[in-house]
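See structure below.
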Amino acid sequence: MSVNIRSRAFRAQSPPAVEEAPAPPSRPPVMFVQVDLVQAVLARLREAARGSASAFQGPTEETIRAYVDEVLAERNRVYTRTEREELFQAARAEVLGYGPIDPFLADPTVTEIMVNGPQDVYVERAGRLSKTDATFRDDAHVLQVIDRIVSPIGRRVDESSPMVDARLPDGSRVNVVLPPIAVKGPTITIRKFSKTALTMQQEIEMGTLSPAMASFLAAAVRARLNMVVFGGTGSGKTTTLNALSHFIPTNQRVVTIEDAAELKLQQPHVVTLEARPANLEGKGTVTIRQLVINALRMRPDRIIVGEVRGGEALDMLQAMNTGHDGSLTTAHANSPRDLFSRLETMVLMSGADLPVRAIREQIRSALDILVNQARMRDGTRRIVQISELVGMEGDVLVLQDIFLFHQTSVGADGTVHGEFVPTGVIPQCLERMTQEGQYVDTSIFRPPAP
């Protein structure tokens, strides 16, 4: 079961079995379009491609619309303009788009798309999962869509390499797993990103953090404090990292390093580096760690690593300690102590034989601000903790919390209620921020009256 990266031929497929779906699709379903109509349009396109010297250029929307009109003209029925448009959109999704999941990619309310084999397609809206009535014809149909995703970025996925990370043109993150690893059939997981990166003001309006927290973080970024955003999977770390990057001055050179390029920085002087997996011969791998080391030779003012998950943590900490202040990164962890433990483990994964105290000294010198983001039970994302790393006592790293999220109740519909509160602690980094010309009103750190 191998995805042919070079082939663009359309395959004739059998019609799907009709299944009931508990959740409605993101747009009105195509009620009149039968599978045989779509297949008839695809058959005309295949026939035209075989007889055309310029078939390698692929069909255009005008060509697809012409064959839709031709197929409908042969039927003994008058079709409305809406019905013609529905058939055109269905055929276009098969030829130029991503098949049955194309409507969900266009739907701004959908944040994640999960294909668990041909017959099971789920989407996430407002943090809640629901099954859709979209289906693929069979495994080959899913593989055709996977091919269309991974081919443009030069990635490979087949039985010998059944897992791959990729991205869509809009930056959405894609993970693909093929059989025999995926028992129920080819699996696609797409985490969508907004076409335009969210600003900090939009995050405030969404309830991710408070205005006081936002003003402090903005000043910390401008003052070149090193920061790590951490949390669980799907907690919104990359979105917050994008929002924080808006406060980097436009006259600085920024180098971003990611597994799959997702960050959307607004600065004019940005160099984007992306890791590369091995080719068919098992060669040509470029790791995040290699990119971090190379970035140090590119005269960056700041380095942004999409996520540290291995030996590159050591090089990232050293970069923060050697003149690349104001660097940003994300990591998976559920608490600051978990983050420190993971960083220690990742540094040891680099092969460096360092004592634990030396690693903690590196962490103490490198990191300034820790931002803990969590996904609540109702699907909302919130920054639940902003802490400052203030030093070490013996072998223990010392933190002080600056802002916290206090959950007060859970509504009958599962909605989480709470408030963002300052702890009353004045950050030690305030002096350094003032030296950098970033003045923060200390009243934002005053706890609310009881």
Side-chain angles (χ1 to χ4, degrees), residues 150 152-157 161 163-169 171-176 191 193 197 221 224 226-230 237-242 244-245 248 252-333 339 342-352 354 359 362-363 366-367:
V150 302
I153 60 172
R155 297 294 172 96
R156 176 179 66 92
V157 59
S161 179
M163 297 181 293
V164 70
D165 288 318
R167 70 178 187 279
L168 297 178
S172 297
R173 182 188 307 167
V174 182
N175 176 265
V176 172
R191 180 169 297 169
F193 289 96
V221 172
R224 301 179 67 95
N226 294 323
M227 195 177 304
V228 56
V229 182
F230 67 95
K237 301 184 295 296
T238 303
T239 301
T240 296
L241 190 65
N242 257 324
L244 291 172
S245 70
I248 298 175
Q252 295 185 2
R253 177 177 171 89
V254 183
V255 177
T256 67
I257 300 170
E258 303 171 83
D259 265 332
E262 302 165 359
L263 295 174
K264 298 177 181 177
L265 272 64
Q266 307 302 310
Q267 289 73 13
H269 198 170
V270 177
V271 178
T272 302
L273 304 180
E274 185 178 61
R276 187 177 71 184
N279 57 20
L280 288 168
E281 291 76 31
K283 301 177 181 178
T285 304
V286 179
T287 65
I288 293 288
R289 186 179 186 191
Q290 290 173 316
L291 293 177
V292 172
I293 295 172
N294 185 78
L296 301 178
R297 307 186 184 105
M298 300 175 65
R299 196 244 171 249
D301 290 300
R302 302 188 191 226
I303 297 175
I304 300 180
V305 179
E307 181 184 341
V308 288
R309 62 182 72 176
E312 67 272 7
L314 175 60
D315 304 288
M316 184 68 193
L317 293 174
Q318 290 179 334
M320 291 177 171
N321 281 321
T322 55
H324 298 91
D325 296 333
S327 296
L328 306 170
T329 188
T330 71
H332 277 88
L339 174 65
R342 285 212 67 208
L343 287 174
E344 292 171 12
T345 302
M346 288 188 287
V347 168
L348 294 174
M349 289 169 63
S350 69
L354 296 174
I359 298 174
Q362 286 271 349
I363 296 172
L367 299 182

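Side chains included, hydrogens not; waters and symmetry mates left out as well; all remaining heavy atoms used.
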Ile304 versus Leu241, closest heavy-atom pair with distance: CG2-CD2, 3.8 Å

Salt bridge (Lys or Arg N to Asp or Glu O under 4.0 Å) partners of Asp259, counting only residues at least two apart: Arg309

Nearest atoms (heavy-atom pairs only) where Thr329 meets Met316: CB-CE, 4.2 Å

Polar side-chain atom of Arg289 near backbone of Asp315 as donor-acceptor pair, under 3.5 Å: no

Donor-acceptor under 3.5 Å (Glu307 side chain, Val305 main chain): no

Closest non-hydrogen atom pair, Thr287 against Ala275: C-CB, 4.4 Å

Flag, side chain of Thr240 to backbone of Lys237, donor-acceptor distance under 3.5 Å: no

Residues which pass side-chain contact (heavy atoms from CB on, under 4.5 Å) with Asn321, listed by chain and number, not counting sequence neighbours: Gln362, Ser365, Ala366

Note: Arg167-Glu274 ion pair, threshold 4.0 Å (strictly below): yes

Closest approach of Gln290 to Val286 (non-hydrogen atoms, all atoms of both residues): OE1-CA, 3.2 Å

Any side-chain heavy-atom pair of Arg342 and Val308 under 4.5 Å: no

Min side-chain heavy-atom separation Met320-Leu367 under 4.5 Å: yes

4.5 Å side-chain heavy-atom contact, Val221 and Met227: yes

Considering all heavy atoms, the nearest Ala295-Val255 contact: CB-CG1, 3.9 Å

Heavy-atom pair of closest approach, residues Met346 and Ala313: CB-CB, 3.7 Å

Under 3.5 Å donor-acceptor, Glu258 side chain and Leu263 backbone: yes

Arg302: salt bridge (Lys or Arg N to Asp or Glu O under 4.0 Å) partners, not counting sequence neighbours: none

Check: Asp301 side chain, Val254 main-chain N or O, donor-acceptor pair, under 3.5 Å: no

Residue Met163 excluded, over 12 heavy atoms near CE under 6.0 Å: no

